[in-house]
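Residue numbers start at 1 and run along the sequence shown.
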Amino acid sequence: MWRLAEEDPEEMPIGFEIAFPSTLETAKGLGIPFPIPMEVMHSFPTTIMHSLEGMPGVDWDRILKLQSSDGSFLFSPSATAYALMQTGDAKCYEYINRMLKKFDGGVPNVYPVDLFENIWAVDRLERLGISRYFKKEIKQCLDHVHRHWAEKGICWARNSEVQDVDDTAMAFRLMPLHGYDISPSVFEYFEKDGKFFAFVGQSTQAVTGMYNLNRASQVRFPAEDVDVT
């Protein structure tokens, strides 16, 4: 436990401070600060919703107001199942029941992930140099992403109230290359005090998000006016 105080944040497993609540209590006993943004969690949708099962002191009346449109909590079956156990919410039950039927009694750790799947499939085909053999499939993938593109960006799944710069940057880089017209102003929602962030309310920076943001910034198109001053 004492090593937590010296750990590099970039090497810490995602959601560690949430998924293992017992670690919090041990850390407190050792005098190691381990803050959780409780007010942020209850105020607007953040990625904390994905790990509710490890979160102590949840105000369920407030949290239920942040539920995703499909009945889940940020598309996490485990977080949604925990919320169902605590509240008996009908929408949570409907989401879990759909997952059990769809996956024959088992569920993935997150569902849906349709935007992520489509974006990364296209990227991998292009990086492998075989995209010319999958033009029809690539168009289908990007049509789906474009249908669910939003002014503030996207997340790994459609109809999400949480957006991330990783999926947004990847989609922004790919779609104009295939003829889709989207505005770079989307990145204004991922910038604060002159710095970019991956998620609203994040506790650490996401390396892959910044990497894909950098890749997106290197794409320039004919007649584009870029201020380099």
Are Phe196 and Asn214 close enough that some pair of their side-chain heavy atoms sits under 4.5 Å apart? no
Let me check something: do Met49 and Met38 share a hydrophobic cluster, defined by ILVMFWY side-chain heavy atoms less than 4.5 Å apart, either directly or through other members? yes
Tell me whether Ser68 contacts the main-chain N or O of Gly71 through its side chain, where contact means a donor paired with an acceptor under 3.5 Å. no
Taking C-beta and beyond as the side chain, do Trp149 and Phe172 meet within less than 4.5 Å on heavy atoms? yes
Output the distance between atom CG (Asp59) and atom CD (Glu39), rounded to the nearest 0.5 Å. 9.5 Å
Would Asp123 and Arg127 pass as an ion pair if we require N to O under 4.0 Å? yes
Aromatic ring pairing Phe187/Phe190, orientation class (parallel under 30°, perpendicular over 60°, tilted between): tilted
If you group Ile, Leu, Val, Met, Phe, Trp and Tyr by side-chain heavy-atom gaps below 4.5 Å, do Leu115 and Val186 land in one group? yes
Working for side-chain contact (heavy atoms from CB on, under 4.5 Å), residues Tyr180 and Asp143: CA-CA 9 Å; Tyr180 299 87; Asp143 279 349; 2.5 Å; yes
Yes or no on side-chain contact (heavy atoms from CB on, under 4.5 Å) for Asn109 and Ser78, after CA distance, side-chain angles and deciding distance? CA-CA 7 Å; Asn109 70 317; Ser78 58; over 6 Å; no
For Phe73 and Gln67, what are the C-alpha separation, side-chain angles and deciding distance, and is it a side-chain contact (heavy atoms from CB on, under 4.5 Å)? CA-CA 5 Å; Phe73 281 92; Gln67 193 173 23; 4.1 Å; yes
Arg132 and Glu126 ion-paired at < 4.0 Å: no
Indicate, with yes or no, if Trp120 and Met210 share a hydrophobic cluster defined by side-chain heavy-atom contacts under 4.5 Å among Ile, Leu, Val, Met, Phe, Trp and Tyr. yes
How many angstroms lie between CG in Asp166 and CZ in Phe199, if you round to the nearest 0.5 Å? 7.5 Å
In the structure I gave you, are the side-chain heavy atoms of Val40 and Thr46 within less than 4.5 Å of one another anywhere? yes
Looking at CG of Leu52 and CE of Met41, how far apart are the two atoms once the value is rounded to the nearest 0.5 Å? 6.5 Å
Which pairs of donor and acceptor atoms, one on a side chain in residues 153-161, lie under 3.5 Å apart (sequence neighbours left out)?
residue, atom, partner, partner atom, Å
Arg158, NH1, Asp114, OD1, 3.4
Arg158, NH1, Asp114, OD2, 3.0
Ser160, OG, Val162, N, 3.0
Ser160, OG, Val162, O, 2.7

When rounded to the nearest 0.5 angstrom, what distance separates CG in Leu64 from OG1 in Thr87? 5.0 Å
Does some side-chain heavy atom of Thr80 sit less than 4.5 Å from a side-chain heavy atom of Ser72? yes
If I take atom OG from residue Ser43 and atom CD1 from residue Ile63, how far apart are they, to the nearest 0.5 angstrom? 9.0 Å
Using distance only, find each side-chain donor-acceptor pair of residues 90-99 under 3.5 Å and give its atom names and separation, not counting sequence neighbours.
residue, atom, partner, partner atom, Å
Tyr95, OH, Phe75, O, 3.3
Tyr95, OH, Tyr111, O, 2.7
Arg98, NH2, Asp70, O, 2.7

Under a 4.5 Å cut-off applied to non-hydrogen side-chain atoms, are Phe197 and Val165 in contact? no
Quick one: are Ile182 and Pro176 in side-chain contact, heavy atoms under 4.5 Å? yes
Euclidean distance, Asn118 CG relative to Met170 CE, rounded to 0.5 Å: 12.5 Å
Using side-chain contact (heavy atoms from CB on, under 4.5 Å), reason through His148 and His144 one step at a time and then give a plain yes or no. CA-CA 7 Å; His148 297 285; His144 178 77; 3.6 Å; yes
Heavy atoms, side chains only, cut-off 4.5 Å: are Met55 and Tyr82 in contact? no
Partners passing salt bridge (charged side-chain N to carboxylate O under 4.0 Å, His left out) against Lys152 (at least two apart in sequence or in another chain): none
If we only count heavy atoms from C-beta on, is the Trp60 to Asp89 side-chain gap below 4.5 Å? no
